[in-house]
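Here the structure comes first, spelled out in structure tokens, and everything after it is commentary.
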Amino acid sequence: MIGSSVVLRTRSWIVLCLGMLTVGSPAALAADCPGHPDALGTSRTLVVDPREHPLIGTMQYRETLPLKDHEVVLTFDDGPIPKYSNQVLKILADECIKATFFIVGNQAKANPEGVRKLVAAGHTVGTHSMDHPLTFDRMPIEKAEAEINGGIEWTSAAMTDPSQLAPFFRIPGLMRAEGVENHLISRGIQVWSADFPADDWRHVSSDRVYQLAIQRLEAKGKGILLLHDIQARTVAALPKIIRDLKARGYRIVHVVPATAERPATPTTQVEWLLHPPSETTPIARWPRVPHFVFAQTRMLPAPAAADLNARGEHQPLLPLRTKGQMDIASTLPVPSRALFTIPEGSVEVLLSTTLSRRAATRLAMAAETPRAGKDRAANGKAVKPHHPRTAHTAPAAPKHAAQAKTTTPRPTRVATSVKKRA
């Protein structure tokens, strides 16, 4: 029995190890990249339906791609430009990495061979407008539509097979606008933002591009990385980025659109959130409190005696006026909004904060002092103030009239100090 259990355990361990090798392990990925045994490779292909999830990328939208922890999607904008785009293609090919490229129509028109190289290498090709204007957030929808159509027309014309063009679009500069998004969604085109950029379009060093890419990826744990294949700093930073992705255990995911022959990868709705809520993850926002509106009425039903918990034997205890109104009023006017408004700086507002309670009490006492003086004047005689004494308190000496006058509380001065403290 002991020998049998050892054999079973050994076989189970072998099967487990073989299973790990076939599910995206580095050894399995390297085997798919001939001549490059240390290549990062592409761990899996994710098939998405643009109509089911039309807006992705948490830099601007609620949803992103349904990636697992430590999975990355590489995206490149603004190409192709042969001088730099060809170098990016070579770096990706040496690592057997598949990425997504968003092509500018004018670049495809000037360099159609660069578009065909992307398709031949197996990358996904989307579009990025015709002229890359940074005014999509304020241009008329007719002009935006012309920009979108121009990019699609020239990119597909550069391809040997136009059906290879993915219905993916990234708005130039991420200058999103609701009208543009609705137009793209109506055409079944998926709008791509990103989860984090590397700022490689700015005048920064290649080391800074590398640092930002890794730091922001580590902060989120997965997501869509935004890069540009037309920058020398990106060409210099990309090998270091890939090296660190490999060292930190990240995996590359290739994204393609769903077709009739290629159905979408099965996912759940919650997987399209960057960090799905769980029992251990607190909700970031409280539910919004609804605004209650009384529909088509200006009167509310008046409370009955039963609503007041007043039984028949206790009704004689109610005021006569209340008992009379119980038989007359069947409805009450809806309370106005002003009824629930508390004036700013009032005693009620001050008492709502712990630090201002003492000041609010002094303000109330100051308001009562003039009233007490009026009462004394009306009665014709002064009221001797009562000063409580303790065992260790000596009786206060009488003060001169001038001193007494200066110690009178000043409501205006107290209100100013209260306002400063609040």
Side-chain angles (χ1 to χ4, degrees), residues 42 44-67 71-80 85 88 92 97-105 107-108 114-119 121-130 132 136 144-145 147-159 161-177 180-197 223-230 252-260 262-265 267 272:
T42 301
R44 68 183 179 110
T45 299
L46 175 65
V47 185
V48 299
D49 187 343
R51 296 184 182 275
E52 292 182 358
H53 300 274
L55 304 172
I56 60 171
T58 54
M59 283 183 66
Q60 294 171 300
Y61 306 120
R62 179 175 178 270
E63 292 188 335
T64 189
L65 292 171
L67 303 176
E71 285 189 338
V72 186
V73 173
L74 298 183
T75 64
F76 296 87
D77 289 4
D78 298 354
S85 298
V88 169
L92 297 178
I97 291 174
K98 298 294 186 290
T100 300
F101 289 79
F102 292 94
I103 305 301
V104 173
Q107 304 284 39
V115 177
R116 288 191 285 272
K117 284 182 179 180
L118 292 173
V119 176
H123 298 291
T124 299
V125 177
T127 55
H128 198 40
S129 81
M130 183 65 189
H132 198 280
F136 262 81
E145 184 177 358
E147 280 285 342
I148 295 168
N149 291 338
I152 293 174
E153 178 184 351
W154 283 102
T155 304
S156 59
M159 296 179 171
D161 180 8
S163 66
Q164 295 294 321
L165 181 63
F168 298 161
F169 184 84
R170 179 173 277 159
I171 299 174
L174 304 183
M175 307 299 289
R176 59 172 297 271
V180 175
E181 292 165 351
N182 290 338
H183 173 75
L184 291 165
I185 292 171
S186 68
R187 296 172 58 175
I189 299 175
Q190 191 173 49
V191 183
W192 281 53
S193 181
D195 292 314
F196 52 95
I224 305 168
L225 173 59
L226 171 59
L227 295 168
H228 297 77
D229 61 319
I230 64 168
I252 300 297
V253 175
H254 182 210
V255 184
V256 297
T259 62
R262 184 173 57 196
T265 302
T267 58
W272 291 79

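Here the side chains of Val48 and His53 are not in contact, with every heavy-atom distance at 4.5 Å or above. Two residues are said to be in side-chain contact when any heavy atoms from C-beta on lie closer than 4.5 Å; Leu55 and Ile185 meet this criterion. At least one side-chain heavy atom of Leu74 sits less than 4.5 Å from a side-chain heavy atom of Leu92. Residues Glu147 and Pro172 form no side-chain contact, since every pair of their non-hydrogen atoms from C-beta on lies 4.5 Å or further apart. Taking the side chain as every heavy atom from C-beta outward, Val255 and Thr124 never approach each other to under 4.5 Å.
Shown here are the side-chain contact (heavy atoms from CB on, under 4.5 Å) partners of Arg176, two or more places apart in sequence or in another chain: Gln60, Tyr61, Ile171, Glu181. For Pro66, the side-chain contact (heavy atoms from CB on, under 4.5 Å) partners two or more places apart in sequence, or in a different chain, are Leu46, Thr267, Glu271, Trp272. Taking Asp195 as the reference, nothing meets the salt bridge (charged side-chain N to carboxylate O under 4.0 Å, His left out) condition, with sequence neighbours excluded. Residues that satisfy the side-chain hydrogen bond (donor to acceptor under 3.5 Å, both in side chains) test with Arg62, not counting sequence neighbours, are absent from this structure. Residues meeting the side-chain hydrogen bond (donor to acceptor under 3.5 Å, both in side chains) test with Gln107, sequence neighbours left out: none. Residues forming a ring-ring contact (aromatic ring centres under 6.0 Å, His included) with His254 (at least two apart in sequence, or on another chain): none. In terms of the side-chain contact (heavy atoms from CB on, under 4.5 Å) criterion, residue partners of Arg51 (sequence neighbours excluded) are, by chain and number, Asp49. By the ring-ring contact (aromatic ring centres under 6.0 Å, His included) test, Phe76 is found to be paired with Phe101, residues two or more places apart in sequence or in another chain being considered. In this structure, the side-chain hydrogen bond (donor to acceptor under 3.5 Å, both in side chains) partners of Ser163, at least two apart in sequence or on a different chain, are Asp161. Annotation: side-chain contact (heavy atoms from CB on, under 4.5 Å) contacts of Val119 (sequence neighbours excluded): Val125, Met159, Gln164. Under the rule for a side-chain hydrogen bond (donor to acceptor under 3.5 Å, both in side chains), the partners of His132 that lie at least two apart in sequence or sit in another chain are Asp78, His128.
Nearest heavy-atom pair, Trp192 versus Arg170, reported as atom, atom and distance to 0.1 Å: O-CG, 3.3 Å. In terms of heavy atoms, Pro263 sits closest to Ala258 at C-CB, 4.3 Å. Taking both residues in full, the closest heavy atoms of Lys98 and Gly122 are given as CD-O, 3.5 Å, listed atom of the first, atom of the second, then distance. Between Ala99 and His123, the closest heavy-atom pair is N-ND1, 3.0 Å. Residues Ala194 and Leu226 share a closest heavy-atom pair of CB-CB, 3.9 Å. The two atoms that bring Ile97 and Thr42 nearest to each other are CA-OG1, 3.4 Å, heavy atoms only.
The CD1 atom of Ile56 sits 7.0 Å away from the CZ atom of Phe168 when rounded to the nearest 0.5 Å. Expressed to the nearest 0.5 Å, how far CD1 of Ile252 lies from OG1 of Thr45 amounts to 12.0 Å. Atoms CD1 and NE2, from Ile230 and His228 in turn, are 6.5 Å apart once rounded to the nearest 0.5 Å. Rounded to the nearest 0.5 Å, atoms CG (Leu165) and OG1 (Thr155) are 6.5 Å apart.
Of the possible donor and acceptor atoms, one in the side chain of Ser85 sits under 3.5 Å from a partner among the backbone N and O of Asp229. Using modelled atom types, one side-chain atom of Thr75 and one backbone atom of Leu225 make a donor-acceptor pair closer than 3.5 Å. Here the side chain of Thr265 pairs a donor or acceptor atom with the backbone of Val47 at under 3.5 angstrom.
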Inset, instruction - Show the numbers, then the answer: is there a side chain to side chain contact (heavy atoms under 4.5 Å, CB included) between Trp154 and Ile103? - result: CA-CA 9 Å; Trp154 283 102; Ile103 305 301; over 6 Å; no

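Just one residue in the list Ile152, Asn149, Ile148 forms a side-chain contact (heavy atoms from CB on, under 4.5 Å) with Thr127, and that residue is Ile152.
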